[in-house]
Amino acid sequence: MSTESSAATRTVSAQAGQGSDFDPGSAYRCSPQVALRPEPFGALVYHFGTRKLSFLKTPELVEVVKGLEHHPDVHSAIEAAGVEEAQRSAYLRALAGLAASGTIETRA
């Protein structure tokens, strides 16, 4: 992992707060308790366990979330989705929030 990625990981962990252990260097997937409904702006997200409705605000974020299960880590999923370098820290913050809410989860 590069120094830049390591710094981004520490920043995301600190910003996620509430004991979050989101690690972009780990493998994640969309929770099986979550349904994504594509929309022109991105997607509606419904969590059947919490009954919470939320939004993914860009089609690129939807692609990252759907692609998580096909990549060895979050960074690879973001790169594969074509997210520009300048936007990656914002995507990491969004994914940390999705992990905290249970929308995405670690996988073995």
Revision key, fill the gap. Applying side-chain hydrogen bond (donor to acceptor under 3.5 Å, both in side chains) to E105 and not counting sequence neighbours gives R29
**Study point:** Residues that S54 engages under side-chain hydrogen bond (donor to acceptor under 3.5 Å, both in side chains), provided they are two or more places apart
**Key:** none
Point to revise | Partners meeting side-chain hydrogen bond (donor to acceptor under 3.5 Å, both in side chains) with T106 (sequence neighbours left out) | key: none
Check your understanding: Should L56 and T103 count as side-chain neighbours, where that means a heavy-atom distance under 4.5 Å?
Key -> no
Exercise for review: Indicate yes or no: at least one non-hydrogen side-chain atom of Y28 is less than 4.5 angstrom from one of L95.
Suggested key: no
Which atom pairs, donor and acceptor, lie under 3.5 Å between side-chain atoms of residues 57-68 and protein residues at least two apart or in another chain?
unit_1, atom_1, unit_2, atom_2, d
T58, OG1, L61, N, 3.0
T58, OG1, Y91, OH, 3.3

Considering only distance and modelled atom types, tabulate donor-acceptor pairs under 3.5 Å from the side chains of residues 31-51, sequence neighbours left out.
unit_1, atom_1, unit_2, atom_2, d
S31, OG, Q33, N, 3.1
R37, NE, E39, OE2, 2.7
R37, NH2, E39, OE2, 2.5
H47, ND1, G49, N, 3.0
H47, ND1, T50, N, 3.1
T50, OG1, K52, N, 3.3

Revision key, fill the gap. For E79, the side chain to side chain contact (heavy atoms under 4.5 Å, CB included) test, sequence neighbours excluded, returns R88
Point to revise | Rounded distance (nearest 0.5 Å) linking atom SG of C30 with atom CZ of R107 | key: 12.0 Å
Review point. Which value, rounded to the nearest 0.5 Å, describes the distance between I78 atom CD1 and E85 atom CD?
Key: 10.0 Å
